[in-house]
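In what follows, a single structure is set out as structure tokens and then discussed.
Just so we're on the same page: letters track the sequence lines, and every chain starts at 1. Being a predicted model, the structure only gives us computed values, none of them experimental. Atoms considered below: every heavy atom in the structure, side chains included; atoms not considered: hydrogens, waters and symmetry mates.
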Number of protein chains: 2
Amino acid sequence: MLIGEFAKRVGVSTDTIRFYGKVGFFSSSRSENGYRHYTEKDIETADLIASGKSIGFSLREILAFSQEMTDGVLDHARAQESLQSKINLIDERIASLKRVRKLAQQQLDYCRAVEAQELSV
Amino acid sequence: MLIGEFAKRVGVSTDTIRFYGKVGFFSSSRSENGYRHYTEKDIETADLIASGKSIGFSLREILAFSQEMTDGVLDHARAQESLQSKINLIDERIASLKRVRKLAQQQLDYCRAVEAQELSV
DNA sequence: GTAAACCTTGGAGTATGCTCCAAGGTCCAG
DNA sequence: CTGGACCTTGGAGCATACTCCAAGGTTTAC
Ligand SMILES: [Zn+2]
Ligand SMILES: [Zn+2]
Ligand SMILES: [Zn+2]
Ligand SMILES: [Zn+2]
């Protein structure tokens, strides 16, 4: 499919798709007139970008990750090490999020208590 | 304490501290010679910034949050709404992280299996 | 054949979050 | 009273991730 349809399907602008392409994402096939072509695999890549971004990874990190996700010529030991360190990082982020969630929950409870007290006076 | 000591204690550069100050963080007290002063409360703020950043919030979001964390003159209903939406966002992020963690784990398992197979051939 | 709706490139501009000067004032030790 | 370690300001520069625009080529529809 062409860039317009692709961009619509993955929910970002054509400019953003071209930008991701420059970074190194997507198969870089073109038709004779120079138009970019995208496949279903590129849709998966775009979904991975969205997931990665939503959890705070940079495009370069996501690119490295997406390349590790295509097990092929790569050095297995290195790929495994990298994947494991990514998993560890994710676990750390989950732990951080839970800490901040707890803080927010405590503040919410406190705010509710103060409000209840004010209303009863 | 002065900016150098403060920056060292929270583990960032003095430039970064001045930048956070411009954004609106920290008590803005100065001595007569113009030197910035920081307190233990500012240390807590710096810790909150570190937590917030590590989980992907922008400085402005963290600023808003840190202001909500000081329940005072604020509109309770609004503060509660905001805190609740922050908690919901955190829950979404945790869910996203778990999804990507699962992907990475699957790829890791797959990579290990491929490696084992290669070795046994 | 021409208009609309696509596509191309290059380059400029924006927001965030720093980072690094340069030029100068302050403070303290010897 | 001078050196070194602080501090100040302002402004430039940088990386990331877009976003927008201009100028122009392509395709399709009437
Ligand atoms: Zn195609
Ligand atoms: Zn309240
Ligand atoms: Zn002080
Ligand atoms: Zn492998």
dist B/L63:CG -> B/L59:CG (nearest 0.5 Å) comes out at 8.5 Å
Backbone of B/L108 reached by a side-chain donor or acceptor of A/Q80 within 3.5 Å: no
Going from CZ on A/R36 to OG on A/S29, what distance comes out if it is rounded to the nearest 0.5 angstrom? 10.5 Å
Can we say B/E40 and B/R9 salt-bridge, meaning some charged N sits less than 4.0 Å from an Asp/Glu carboxylate O? yes
For DNA chain C, find the residues of residues 11-23 of chain B with a heavy-atom distance under 4.0 Å and give them by number; none if there aren't any. B/D15, B/T16, B/F19, B/Y20
Within 45° of the axis and under 6.0 Å from the centre of the six-membered ring of A/F26, does NZ or CZ of A/R18 qualify? no
In numerical order, the residues of residues 48-55 of chain B whose heavy atoms come under 4.0 Å of DNA chain C are B/K53
Rounded distance in Å - CZ (A/F57) to C1' (D/dA15): 19 Å
Which nucleotide sits closest to the side chain of A/R30: C/dC18, C/dT8, C/dC7? C/dT8
Between the side chains of A/N88 and A/E92, is a donor N or O closer than 3.5 angstrom to an acceptor N or O? no
Strictly below 4.0 Å: does A/N33 bring a side-chain N or O up to OP1 or OP2 of C/dT8? no
Shortest non-hydrogen contact from A/S96 toward B/I55: CB-CG2, 3.4 Å
Report the distance from atom CZ of A/R60 to atom P of D/dA15, rounded to the nearest whole Å. 10 Å
Whole-Å gap separating C1' (D/dT16) and CD1 (A/I62): 12 Å
Does C/dT8 have OP1 or OP2 sitting under 4.0 Å from an N or O in the side chain of A/R36? yes
Rounded interatomic separation in angstrom, taking OH from A/Y35 and P from D/dG25: 12 Å
Would you mind reading off the distance between B/I3 atom CD1 and C/dG25 atom C1', rounded to a whole angstrom? 16 Å
Between C/dC27 (C1') and B/E32 (CD): distance, integer Å: 15 Å
Measure from CG on A/L59 to P on C/dT16 and round the result to the nearest Å. 18 Å
B/K8 NZ to D/dC7 C1', straight-line distance once rounded to whole Å: 14 Å
Strictly distance-based, threshold 3.5 Å: is any side-chain N or O of A/T16 a donor or acceptor partner for the main-chain N or O of A/V12? no
Can you tell me if CD on B/E81 sees more than 12 non-hydrogen neighbours from other groups inside 6.0 Å? no
